[in-house]
Number of protein chains: 2
Amino acid sequence: MTDDIKIPPRRPLTLKDVSEASGVSEMTVSRVLRNRGDVSDATREKVLAAAKSLGYVPNKIAGALASSRVNLVAVIIPSLSNMVFPEVMTGISEVLDDTPLQPVVGVTNYLPEKEEEVLFEMLSWRPSGVIIAGLEHSDASRAMLHASGIPVVEIMDVDGEPIDAMVGISHRRAGREMARAICKAGYENIGFLGTKMPLDHRARKRFEGFTEALAKEGVEVMDQEFYSGGSALKKGREMTQTILERSPDLDFLYYSNDMIGAGGLLYCLDAGIDVPGRIGLAGFNGVELLDGLPRKLATMDAGRREIGREAARIIAGRSDGSITETGQRVELTPKLQPGETLRRW
Amino acid sequence: MTDDIKIPPRRPLTLKDVSEASGVSEMTVSRVLRNRGDVSDATREKVLAAAKSLGYVPNKIAGALASSRVNLVAVIIPSLSNMVFPEVMTGISEVLDDTPLQPVVGVTNYLPEKEEEVLFEMLSWRPSGVIIAGLEHSDASRAMLHASGIPVVEIMDVDGEPIDAMVGISHRRAGREMARAICKAGYENIGFLGTKMPLDHRARKRFEGFTEALAKEGVEVMDQEFYSGGSALKKGREMTQTILERSPDLDFLYYSNDMIGAGGLLYCLDAGIDVPGRIGLAGFNGVELLDGLPRKLATMDAGRREIGREAARIIAGRSDGSITETGQRVELTPKLQPGETLRRW
DNA sequence: TTGAAAGCGCTAACAG
DNA sequence: CTGTTAGCGCTTTCAA
């Protein structure tokens, strides 16, 4: 009986295969597999058994085309390699896990052209929603998003006009509040250290808010230092040394993110500089890492996880019809964490 | 002329719309948009102009169904929140960026059931390939992967039998080599600190290789300490303090990852412990962060970026037909980085 | 170089 | 509760 040898199917199984194996119509098989409509227990059992034994995996492509429903949520972010966006992802996953929706991630590396590409690619899959970082996009990107008719939530930032919904914090305000806290603590010679990233609009806005609030107190940023690429912790060290050698009078350093701030803190401690007595330090983001440093860096928690959750809730709600409004605007409040690198006042 | 008011289309545009707008058949429009087959320049121009002015975005769902070609690569990883997988992702993106393929990420949180779910979900989109972390999967997962007929690359680990291709390092060997280096440096009372994660098979294999090689030298692990959740840096501090108080004779601490190792290092420096004289330290992964620490932690680079690149190359090659073999096995060599926390011998 | 016809595998809508 | 009939928007195939 050489005919007995089973050749494993190279062709993926279809509903028809399950239908034939179970003796139930394709339509009913489809109903069972989606838990839709009423099906008798007996039929259900038969179908389930057949599907399982065959190892049937439904073809969502066909399903999506037929139903014009796609349970995918496009998430478009600039980077995965700093701690901030993975945490947003965690928030998104947390709420989508309780829905039929699935996140699909695209990374833009802070490049508008890349964003456009990724967006086009993702929109061509007709997702149920788009969650995209930032409010600044190319005209083409905005047009696509607009024309798609798909729910869009722009996240992280609320300083600007959203295409549809937005969830985030005001980075201008975050910068202002940090400036006020610093002045209140009595620091006067303030330096700024950040990334060499003209396209990081949120960092830019924080800096703008920061200088604006300082100006109100009659203070100006005394010196600045920028970096790009490499280990942020190491860069933080190096930049700190550089700026302090150049401007020894500085008594406060404001970093555009916690990683370089942590590097700066390690440098100061190594160099025997009194923190926060001689020099105060502050970062931005509120990353978990800070918990393990020798001294806790002052920072401002951006509520990244909560931003992810809230954005996902909006998409999920619109997708299942429980939310019908559009244009939601959710502003979260960044929380100042004074840590131990800011003088008590 | 009130009829002049244009109501923006809620219905997504189709090929037909472009066809009508340009006066060219749907088929030819399709050819132009995909750069397939010969089309006269004149027609091409017309079509492109029409598509652009309408803001047409092709429907990949329909395209994929018709052509049974899906330019998606499923990437299934346990977590995004430690530094390791984002770096693998970077490697994957780097090579897929030069292809028509797009990565789609699914996260399993180290849970086999979740892995099964995510896998099922992703396979039902009929991706061009699957890149999945680890060699340990549930029977159901293995069966699905097998039956799918889709190229599968299991990554990170090579200690086991792959379903199809695999790319990674031998964690057993990594553990053994670290053990040898430690013994050679003259340390004798060795402690191990790791995660409380029975499902992290790679950490387990490293530990097995580690103890095995120690045993050959007549050495046993003297004490162990485990943690779960929270800031790894902080936990590293705490665990180190705990284990050293309990076993003051320890002269070496082997950490299952660099983050807790870094925490341990910071603790030792704070406590004024002579590193690597009194106590040696080593971690695992080779994360960039180590560059900025006061002293460079000994570690073993797992080549995560390269793993991602290699896996993506295999998928891309099979997908474009430039590779026809299956079952590739690529073992990368982890590189010991002695840093400054291991005595020179 | 262009077009017409026939599905891809599934589900909506309706009929029984 | 179950089945039948039409497509979903695109690409394949074949013909002009």
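Order of the sequence lines fixes the chain letters, A, B, ..., with proteins taken first and strands second; residue numbering starts at 1 for each chain.
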Participant: For a salt bridge (Lys or Arg N to Asp or Glu O under 4.0 Å) with B:R329, tell me which candidate from B:E161, B:E310, B:E154 qualifies.
Facilitator: B:E161

Participant: Are more than 12 heavy atoms, taken from residues, nucleotides or ligands other than A:R44, located less than 6.0 Å from that residue's CZ atom?
Facilitator: yes

Participant: Considering only heavy atoms, which members of residues 25-42 of chain A lie under 4.0 Å from some atom of DNA chain C?
Facilitator: A:M27, A:S30, A:R31, A:R34

Participant: Round to the nearest Å and state the distance from B:N59 atom CG to D:dG7 atom P.
Facilitator: 18 Å

Participant: Checking all strands, does B:S67 fall into the base, sugar-phosphate, or nothing category for heavy-atom contacts under 4.0 angstrom?
Facilitator: sugar-phosphate

Participant: Tell me the interatomic distance from B:L15, atom CG, to D:dT12, atom P, rounded to whole angstroms.
Facilitator: 13 Å

Participant: Closer to the 5' end of DNA chain C via nearest nucleotide, is it A:R69 or A:I61?
Facilitator: A:I61

Participant: If you measure only the distance, is there a donor-acceptor pair under 3.5 Å linking the side chains of A:N109 and A:E115?
Facilitator: no

Participant: Has B:Y56 got a side-chain N or O lying under 4.0 Å from the OP1 or OP2 atom of D:dC10?
Facilitator: yes

Participant: Closest heavy-atom contact between B:V107 and B:K114?
Facilitator: O-CE, 3.5 Å

Participant: Side chains of A:R142 and A:S138 only: does a donor on one sit below 3.5 Å from an acceptor on the other?
Facilitator: no

Participant: Measuring from atom CG of A:N59 to atom OG1 of A:T14, what distance do you get when rounded to the nearest 0.5 angstrom?
Facilitator: 9.5 Å

Participant: What's the shortest heavy-atom distance between B:I92 and B:G308, and which atoms?
Facilitator: CG1-O, 3.5 Å

Participant: Can a donor-acceptor pair be found between the side chains of B:D164 and B:Q328 at a distance below 3.5 Å?
Facilitator: no

Participant: How would you give the extent of chain B contacts on DNA chain C, as first and last nucleotide 5' to 3' within a 4.0 Å heavy-atom cut-off?
Facilitator: C:dT1 to C:dG9

Participant: What is the distance, rounded to the nearest whole Å, between atom CZ of B:R126 and atom C1' of D:dC10?
Facilitator: 18 Å

